Amino acid sequence: MFTVLFTILVIQRITELFIAKRNEKWMMAKGGVKHGEKHYPFIVVVHTLFLISLITEVTVFHKGLSSLWSFILPFLLLTQIIRYWAVMSLGPYWNTKIIILPDSEVVAKGPYRFMRHPNYVVVALEILFIPLLFNAYITAVLFTILNIFLMIIRIPQEEKALQLHTDYKNTFEEKYRFFPKKSN
C-alpha cells in the first residue's frame, strides 16, 4: 500500500508543478508580480526532503500501516477533495509561488468562502497524517515543525502582496486564516 500511495503522491506533486508553471506563464503574461522569491527555494527543499524522509523512514525502518488507518485514510481522502476544490476555485491564479495579478478580483469562492488559506491547511494536514498512516513519526513531527516555520514566513508575505495589489483585506477581513468562519 505504501508504494501505491507514495507513487500517487509523487505524481500528484509533479502534476501540480506543471500546473503551477502553466499558471505562472499565464499570470506573468497578464502583468503578474512575483513576491516572496527568497523563501520559495526553501519550500521546494522542504517538500522534496519530506518525500525523501517519508520513503526512507518507511522502508529503512520497515514501518507498516498504522492500526488507525481506517480513520487516517478517509481523512486524507477528504483533504484531497478540499485540495482540488481550492485549486479549481483559484483556477489560473493557483500557484506554488506568490504571484499576484494587480487589480484582479480576489477569489472568494469554493473553500475560500470559509477561510483564507484552505490549501495551506490541507498541506499541513498531509505533512502530518501521511507519515502517521505508516507510523513514520520522525517524518511527521520534523516536517510539521519545518512547515510551520515556512508558513510563518510565507503567509504574511502572501497576504501583504495580496493587500498591496488587490482588495484582499476587505474581501477576507471576516474570515480566519485557517478555520472556517461564517461571513456576516
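Only this structure's heavy atoms are used, side chains among them; waters, hydrogens and symmetry mates stay out. All figures in this text were calculated on a predicted structure; none of them were measured in a lab.
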Provide the closest heavy-atom pair for Thr166 versus Ser104 in the form atom of the first, atom of the second, distance.
CG2-O, 3.8 Å
Going from CZ on Phe172 to CD on Glu159, what distance comes out if it is rounded to the nearest 0.5 angstrom?
9.5 Å
Using atom types as modelled, flag every donor-acceptor pair under 3.5 Å from a side chain in residues 3-10 to any protein atom, sequence neighbours excluded.
unit_1, atom_1, unit_2, atom_2, d
Thr7, OG1, Thr3, O, 2.7

Working to the nearest 0.5 angstrom, can you tell me the gap between Met27 CE and Lys97 NZ?
12.0 Å
Could you tabulate the donor-acceptor pairs under 3.5 Å formed by side-chain atoms of residues 120-142, not counting sequence neighbours?
unit_1, atom_1, unit_2, atom_2, d
Tyr120, OH, Arg154, NE, 2.8
Tyr120, OH, Arg154, NH2, 3.4
Tyr120, OH, Glu158, OE1, 2.3
Glu126, OE1, Arg13, NH2, 2.8
Glu126, OE1, Arg83, NH2, 2.3
Glu126, OE2, Gln80, NE2, 2.4
Glu126, OE2, Arg83, NE, 3.1
Glu126, OE2, Arg83, NH2, 2.8
Asn135, OD1, Tyr137, OH, 2.8
Asn135, ND2, Gly64, O, 2.9
Thr139, OG1, Ser53, O, 3.4
Thr139, OG1, Ser53, OG, 2.7
Thr139, OG1, Glu57, OE1, 2.6

Parallel, tilted or perpendicular: which fits the ring planes of His117 and Tyr168, with parallel below 30° and perpendicular above 60°?
tilted
Is the number of heavy atoms from other residues, nucleotides or ligands under 6.0 Å of Trp85 CH2 greater than 12?
yes
Shared hydrophobic cluster, Leu73 / Ile81 (ILVMFWY, side-chain heavy atoms < 4.5 Å)
no
If I take atom OG from residue Ser89 and atom CH2 from residue Trp94, how far apart are they, to the nearest 0.5 angstrom?
13.0 Å
Asn170 CG: over 12 foreign heavy atoms closer than 6.0 Å:
yes
Phe149, CZ: over 12 other non-hydrogen atoms inside 6.0 angstrom:
no
Contact list for residues 29-42, test salt bridge (charged side-chain N to carboxylate O under 4.0 Å, His left out), sequence neighbours left out:
Glu24-Lys34
Could you tell me the separation between the CG atom of Leu76 and the OG1 atom of Thr79, rounded to the nearest 0.5 Å?
5.0 Å
Side-chain heavy atoms under 4.5 angstrom apart, residues restricted to Ile, Leu, Val, Met, Phe, Trp, Tyr: same cluster for Tyr112 and Phe114?
no
Inter-residue atom distance Leu101.CG - Leu162.CG, 0.5 Å rounding:
11.0 Å
State plainly whether one hydrophobic cluster holds both Met151 and Ile99, where clusters connect Ile, Leu, Val, Met, Phe, Trp and Tyr through side-chain heavy atoms under 4.5 angstrom apart.
no
His35 side chain near Lys160 side chain, heavy-atom distance below 4.5 Å
no
Between Asn23 and Pro92, what is the shortest heavy-atom contact and its length?
CB-O, 3.2 Å
For Ala20 and Asn95, the nearest pair of non-hydrogen atoms, with its separation, is O-ND2, 2.9 Å
Salt bridge (charged side-chain N to carboxylate O under 4.0 Å, His left out) contacts in which one or both residues fall within residues 161-171, not counting sequence neighbours:
none
Residues in salt bridge (Lys or Arg N to Asp or Glu O under 4.0 Å) with Arg22, at least two apart?
none
Single-linkage hydrophobic cluster, 4.5 Å side-chain cutoff, Ile145 and Leu150 together:
no
Hydrophobic cluster membership, with links at side-chain heavy-atom distances under 4.5 Å among I/L/V/M/F/W/Y: are Ile72 and Leu78 in one?
no
At what distance, to the nearest 0.5 angstrom, does OG1 of Thr15 lie from CD1 of Ile19?
6.5 Å
Pair Gln157, Ile98 - check side-chain contact (heavy atoms from CB on, under 4.5 Å), show working.
CA-CA 8 Å; Gln157 286 186 12; Ile98 301 173; 4.2 Å; yes
What's the verdict on side-chain hydrogen bond (donor to acceptor under 3.5 Å, both in side chains) for Tyr84 and Gln12, showing C-alpha distance, side-chain angles and the deciding distance?
CA-CA 11 Å; Tyr84 289 107; Gln12 179 187 51; 2.8 Å; yes
Does any part of the side chain of Leu65, heavy atoms only, come nearer than 4.5 Å to the side chain of Met1, both counted from C-beta?
yes
Show every ring pair (Phe, Tyr, Trp, His ring centres under 6.0 Å) that has at least one partner inside residues 38-58, sequence neighbours left out.
Phe50-Phe143
Aromatic rings Tyr93 and Trp26: how do their planes relate, parallel, tilted or perpendicular, breaks at 30° and 60°?
perpendicular
